[in-house]
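Values below: all heavy atoms of this structure, side chains included; hydrogens, waters and symmetry mates excluded. Sequential numbering from 1 along the given sequence is applied to the chain's residues.
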Amino acid sequence: MEQCLELERSEFSVLYRDGDDLVLEVLAPPVGVLDLLTVLRRHADPNGIDLERVRSLASSGGKAEVGYIQEEGLSSRPYVKIVDGENRCLLSLPAGFSELSKVEDLLASKGVVQGIDMDEVRKAVLESASGEAVANRTVARGIHPINGEDGWIEYLKEPPSGKPMTDESGDVDFYSLDLVVLIKKGETLAIRHDPVEPMDGSTVTGKPVTGRKGKSPRIVYGSGIEFKDGRLVASMDGQIVWRGEKMSIEPLLEIAGSVGPETGNIVYHGTVLVQGDVLDGYSIDAEGDVEIKGCVERANVKSGGNVSIRYGVAGKGVAVVEAKGDVLAKFVQEAEIRCSALKVNEYILRSKISAKRGVMVEGRNGMVMSSRIEASSYVNVRTVRMMKQEDSSINISGISRAELFAKYKGLLAEDERDSDRMLVLSASIRTLSEKGLFKQATTRLAEFVALEEAQADRMALVSEIRETLKNLRGDATLNLIGQSSGSLPVRLKGVSCRVESGARWMTMFYDPDADQVRVVGRG
């Protein structure tokens, strides 16, 4: 040690000069990092401050080299500095120095063994020998670790989007939405890819630097699925059902042809898939979704979920389609529909519609003719056409948009709280399992699964509310995106009004603040 000089002292720290090195001692941690840096910058070369070591001393205390002195000129002897958390080594040489072996000995004396760039060392010695001083030349670098990559799940089956398809011209095609995702026993649903292991690095002094390990992917599944050799495999025929990220397989009744004389009426506790039509006089009563690839004639369809009818309802004044969820169809003709939301691509003709949320008839030729529509929040229709005076009407009972939005925000807040709790439970389950406390871990896991299922139900409701809010202006909304042919009587939240014949591109809504119906748009 050529010299040891105390430069500054405070109640919390002492800064020393040890030759060209600056040594910091923190007496009473924790200390503010910025306070320590303020002291250092009065003495240290800013390029040589080891921020990582300063932070460590600030929080834990102790004594360590943290930088080197800032001189107006260079030292009269060669010296090296190890900076950046020992990830870089700097060499300085006075003018006229030419002994390469002494530089090599100096590097060795400082413990620099990794990543030495001898070409840079020789270049620095040649510059110095030619009469030019060398300052803070990087001559060694550590090897940065390569962090591991997180594992991931490759899903081979995806849930239906729940959204209508759009064709090449940009028109909405509601009836191309399939509700049922079929699966056969032995089929693979998903593949788990394990994490990629990290590659460790080292400092210039040879200390190992460990890379971050990748996280193992979490894979969840329910009944009807087995985990084999890193894959989720169906253990039965049926349909895939998603609750959040969790997949299960549930029984499915598939009718290869039409519901008619060969099948009789269908009563089923799960989901029903009909590859043909539902013929005159027959019925389907299902607790789950119902998907019909053909048409519904003079028949009854009842569902505890959603109903999708690929080629529409030709009800002949008799058909009734009732769903707890949504009904999607190409067209509805001479039928009664009762559902949460109705989405029709082509037309509604001589029908009675009752929707708890709303009605959308927005296809390229979307039209309402000679029909009565009742909804609680919105009706979106391209064209309205009257066959005779007042043979159509729209009644939107209305809801409180403010209350619905407050409910939406409340559900998101609940979801955030449950997500935080699930993170805590996940860490607890992992820790308890590592300690062999499997009984306690199982209890936490049961709570986690219950929260996960509640979260899936909540997010389904959030999605439903989000769709309603998107289509709702004020407390009740009628959107006409085409033209009205004939004078259409309308009631919005109990207020009688009318869409005049020839009206185009307009939105009519009930404004709760003004307690009146407003009209915006063109025509």
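- Residues Ile183 and Ala234 approach most closely at CG1-CB, 3.7 Å, considering heavy atoms.
- To the nearest 0.5 angstrom, Met360 atom CE is 8.5 Å from Ile481 atom CD1.
- Of all heavy-atom pairs spanning Trp242 and Lys157, the tightest one is CZ2-O, 3.6 Å.
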List the steps, then state whether side-chain contact (heavy atoms from CB on, under 4.5 Å) holds for Asn345 with Val361.
CA-CA 6 Å; Asn345 192 61; Val361 192; over 6 Å; no

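- Here the side chain of Ser10 pairs a donor or acceptor atom with the backbone of Phe12 at under 3.5 angstrom.
- A salt bridge is absent between Glu149 and Lys215; no separation between the charged side-chain nitrogens and carboxylate oxygens falls under 4.0 Å.
- Judged by distance alone, the side chain of Arg401 and the main-chain N or O of Leu469 form a donor-acceptor pair under 3.5 Å.
- A donor-acceptor pair under 3.5 Å links the side-chain atoms of Asn306 to the main chain of Asp326, judged by distance alone.
- Rounding to the nearest 0.5 angstrom, the gap separating the CG atom in Asp457 from the CG atom in Leu411 is 11.5 Å.
- Residues Arg421 and Asp418 are not paired through a salt bridge, judged by the lack of any N-O separation under 4.0 Å between the basic side chain and the carboxylate.
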Please determine whether side-chain contact (heavy atoms from CB on, under 4.5 Å) holds for the pair Val520 and Met506, giving the CA-CA distance in whole Å, both sets of side-chain angles, and the decisive distance to 0.1 Å.
CA-CA 6 Å; Val520 294; Met506 55 164 286; over 6 Å; no

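- The nearest pair of heavy atoms linking Leu37 to Val54 is CD2-CG1, 4.3 Å.
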Take Val449 and Leu445 through the test side-chain contact (heavy atoms from CB on, under 4.5 Å) and record every step on the way to the result.
CA-CA 6 Å; Val449 171; Leu445 180 61; 4.3 Å; yes

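- Although no hydrogens or angles enter the test, the distance criterion places a donor-acceptor pair under 3.5 Å between the side chain of Asn87 and the main chain of Asp84.
- Between the side chain of Ser463 and the main chain of Met459, no donor-acceptor pair closer than 3.5 Å is present.
- In this structure, CD1 on Ile143 lies 10.5 Å from CG on Asp200, to the nearest 0.5 angstrom.
- The nearest pair of heavy atoms linking Leu107 to Val139 is CD2-CG2, 4.3 Å.
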Checking side-chain contact (heavy atoms from CB on, under 4.5 Å) for the pair Val462/Tyr408: CA distance, chi angles, key distance, verdict?
CA-CA 6 Å; Val462 164; Tyr408 174 76; 3.6 Å; yes

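- One distance of note links CG of Leu432 with OG1 of Thr443; it measures 9.0 Å at 0.5 Å rounding.
- Open room surrounds CG on Asp229; 12 or fewer heavy atoms of other groups in view lie less than 6.0 Å from it.
- In this structure, Ile191 and Ile153 have side chains that are not in contact, with every pair of non-hydrogen atoms separated by 4.5 Å or more.
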Quick one, Asp415 with Arg458, criterion salt bridge (Lys or Arg N to Asp or Glu O under 4.0 Å). Give me CA distance, side-chain angles, the key distance, then yes/no.
CA-CA 8 Å; Asp415 186 70; Arg458 185 187 304 116; 3.6 Å; yes

Working for salt bridge (Lys or Arg N to Asp or Glu O under 4.0 Å), residues Arg42 and Glu8:
CA-CA 10 Å; Arg42 287 197 286 266; Glu8 288 196 34; 2.8 Å; yes

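- Using modelled atom types and a 3.5 Å distance limit, the side chains of Asn471 and Asn380 yield a donor-acceptor pair.
- Looking at Asp150 and Arg212, a side-chain N of the basic residue comes within less than 4.0 Å of a carboxylate O on the acidic one, giving a salt bridge.
- Look at Glu362 and Lys343 and you find no salt bridge, because none of the NZ, NE, NH1 or NH2 atoms lies under 4.0 Å from a carboxylate O.
- Asp511 pairs with exactly one of Lys493, Arg518, Arg473 by the side chain to side chain donor-acceptor pair (under 3.5 Å) rule, that one being Arg518.
- The minimum heavy-atom distance linking Leu106 with Tyr79 is given by the pair CD2-CA, 3.6 Å.
- The pair Glu120-Arg137 meets the salt-bridge criterion, since a charged nitrogen lies less than 4.0 angstrom from a carboxylate oxygen.
- In this structure, Met199 places its CE atom where only 12 or fewer heavy-atom neighbours from other residues, nucleotides or ligands lie under 6.0 Å away.
- Salt-bridge formation is detected for the pair Glu453/Lys246: a Lys NZ or Arg NE/NH1/NH2 atom is positioned less than 4.0 Å from an Asp or Glu carboxylate oxygen.
- Screening Thr477, Leu478, Val519 against Phe509 for a side-chain contact (heavy atoms from CB on, under 4.5 Å) leaves a single residue, Thr477.
- By the 4.0 Å N-to-carboxylate-O rule, Arg192 lies close enough to Asp194 to be salt-bridged with it.
- Looking only at side-chain heavy atoms (C-beta outward), Trp505 and Leu480 stay at 4.5 Å or farther from each other.
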Evaluate Arg357 against Ser377 for side-chain hydrogen bond (donor to acceptor under 3.5 Å, both in side chains), listing each step before the verdict.
CA-CA 6 Å; Arg357 291 194 291 126; Ser377 56; over 6 Å; no

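- For the pair Leu273/Leu182, a side-chain contact is recorded, criterion being any heavy-atom separation below 4.5 Å from C-beta on.
- No side-chain donor-acceptor contact under 3.5 Å links Ser56 to the backbone of Glu52.
- Judged by distance alone, with hydrogens and angles left aside, the side-chain atoms of Ser303 form a donor-acceptor pair with the main-chain N or O of Gly288 at under 3.5 Å.
- A donor-acceptor contact shorter than 3.5 Å links the side chain of Ser433 to the backbone of Ile429.
- Taking a 6.0 Å sphere around NE2 of His144, one finds it holds 12 or fewer heavy atoms contributed by other residues, nucleotides or ligands.
- Contact record, Leu40 with Val66: CD2-CG2, 3.6 Å, taken as the closest heavy-atom pair.
- Residues Val113 and Val204 are not in side-chain contact: their nearest non-hydrogen atoms beyond the backbone lie 4.5 Å or more apart.
- Other residues, nucleotides and ligands place no more than 12 heavy atoms under 6.0 Å from the CZ atom of Phe405.
- Within the 4.5 Å cutoff, side-chain heavy atoms of Ser248 are placed close to those of Ser223.
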Do Thr271 and Asp289 pass the side-chain hydrogen bond (donor to acceptor under 3.5 Å, both in side chains) test, and can you show the C-alpha distance, the side-chain angles, and the key distance before you say yes or no?
CA-CA 5 Å; Thr271 296; Asp289 294 337; 5.0 Å; no

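- Residues Glu86 and Thr205 bring a donor and an acceptor atom of their side chains to less than 3.5 Å of each other.
- Between Asn479 and Val381 there is no side-chain heavy-atom pair separated by less than 4.5 Å.
- If you take CD on Glu187 and OG on Ser235, they are separated by 12.5 Å, rounding to the nearest 0.5 Å.
- Checking side-chain atoms of Glu447 against main-chain N and O of Arg444 turns up no donor-acceptor pair under 3.5 Å.
- Here the side chain of Ser13 pairs no donor or acceptor atom with the backbone of Arg9 at under 3.5 angstrom.
- Looking only at side-chain heavy atoms (C-beta outward), Arg417 and Glu414 come within less than 4.5 Å of each other.
- Atom CD of Glu226 sits about 11.5 Å away from atom CE of Met236, to the nearest 0.5 Å.
- The side-chain heavy atoms of Val209 and Thr203, taken from C-beta on, include a pair separated by under 4.5 Å.
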